[in-house]
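Written below as structure tokens is the structure these notes are about.
What's counted below: heavy atoms across the whole structure, side chains too, no hydrogens, waters or symmetry copies.
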Amino acid sequence: MEVVRSNFIKVIPLLEAALKRSVFVAIDTEFTGLSVVSADEPSLFDSMNDRYCKLKRTVKEFMVCQFGLSAFVKDSEENRYVAHSFNFYLFPKEQGKFNPRFGMQASNMEFLCEHKFDFNKWIYEGIPYCNKEEEALVMDGLEDHINKR
């Protein structure tokens with residue numbers, strides 16, 4: 001199920017119900033890029049710490065444009081699992097002092113195009129989000145706006 005700004009509130013109860021019944025979950029993310037420099041390319045010889053540091057650098061440079069979550073519910077009668085999948089389009093929204101910048105990598109954009117990623121839906125219907133530091137900027141902007149009245 002595609003989850004966008006216009007149906008987000010309606011989908012939350014379905015997501016919660018699927019998660020409560022699930023035996024396990026799987027997640028997947030699509031980024032606007034994958035590596036900042038060639039040294040950040042994954043290697044079979046990376047330690048867990050090395051891989052984590054490489055991924056952390058990538059996350060700071062690029063953004064998640066789609067977040068997928070599948071909740072697997074056991075169907076004991078049929079002896080199978082049923083997947084309830086949710087694909088969230090994510091796009092940050094400019095709010096006061098918060099006007100995010102992010103990098104893009106040509107190969108990632110080509111990959112997304114080849115797999116029918118809807119860029120219009122991403123930008124126009126993407127669910128806005130921010131981290132704690134970005135939230136502080138938004139809140140500062142709101143306080144400034146309120147204090148100017």
By side-chain hydrogen bond (donor to acceptor under 3.5 Å, both in side chains), which residues pair with [X], not counting sequence neighbours?
X    : answer
R5   : none
E41  : S35
S76  : none
Q105 : none

Are [Y] and [X] co-members of a hydrophobic cluster defined by side-chain heavy atoms under 4.5 Å apart?
X   : Y    : answer
M63 : L55  : no
L90 : M104 : yes
F91 : Y124 : no

Can you pull out every side chain to side chain donor-acceptor pair (under 3.5 Å) where at least one residue sits in residues 62-74? Sequence neighbours excluded, please.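 Applying side chain to side chain donor-acceptor pair (under 3.5 Å) to every pair that reaches into residues 62-74, excluding sequence neighbours, yields S70-S85.
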Any pair counted as side chain to side chain donor-acceptor pair (under 3.5 Å), so long as it reaches residues 7-34, sequence neighbours left out: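 Non-adjacent pairs meeting side chain to side chain donor-acceptor pair (under 3.5 Å): zero.
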Partners passing side chain to side chain contact (heavy atoms under 4.5 Å, CB included) against [X] (at least two apart in sequence or in another chain):
X    : answer
N99  : E94
I27  : F67, L69
K56  : Y52, K60
D118 : Y89, N120, K121

For [X] against [Y], the heavy-atom pair lying closest together:
X   : Y    : value
C65 : L112 : SG-CD1, 3.9 Å
S43 : R51  : O-NH2, 2.9 Å
F31 : N108 : O-ND2, 3.3 Å
F62 : G103 : CD2-O, 3.2 Å
A71 : V25  : CA-CG1, 4.0 Å
A18 : H84  : CB-CB, 3.9 Å

Dump the intermediate steps for side chain to side chain contact (heavy atoms under 4.5 Å, CB included) on F111 and F117, then the final yes or no. CA-CA 9 Å; F111 173 85; F117 184 82; over 6 Å; no
Taking the side chain as C-beta and beyond, is there a heavy-atom pair between V4 and F8 under 4.5 Å?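 Side-chain contact under 4.5 Å: no.
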Taking the side chain as C-beta and beyond, is there a heavy-atom pair between S6 and E125 under 4.5 Å?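 Of all side-chain heavy-atom pairs linking E125 with S6, at least one is under 4.5 Å.
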Hydrophobic cluster mates of F72, side-chain heavy atoms under 4.5 angstrom, ILVMFWY only, any path?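 Hydrophobic cluster check, F72: joined to V23, F24, Y81.
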Start with the C-alpha gap between N87 and V3, add the side-chain angles, then the distance that decides, and say whether side chain to side chain contact (heavy atoms under 4.5 Å, CB included) holds. CA-CA 6 Å; N87 291 312; V3 186; over 6 Å; no
Nearest 0.5 Å, what's the NZ-OH distance between K93 and Y129?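 Interatomic distance, K93 NZ to Y129 OH, rounded to 0.5 Å: 15.0 Å.
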Look up atom CG in L15 and atom CE in M1, then write down how far apart they are to the nearest 0.5 Å.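 Reported value, rounded in 0.5 Å steps: 9.5 Å.
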Anything under 30° is parallel, anything over 60° is perpendicular, the rest tilted; go ahead and classify F119 against W122.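 Rings of F119 and W122: perpendicular, as their planes differ by over 60°.
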Taking salt bridge (charged side-chain N to carboxylate O under 4.0 Å, His left out) as the definition, give me every residue that meets it alongside R80, ordered by chain and number, with sequence neighbours left out.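 R80 satisfies salt bridge (charged side-chain N to carboxylate O under 4.0 Å, His left out) with D75 only.
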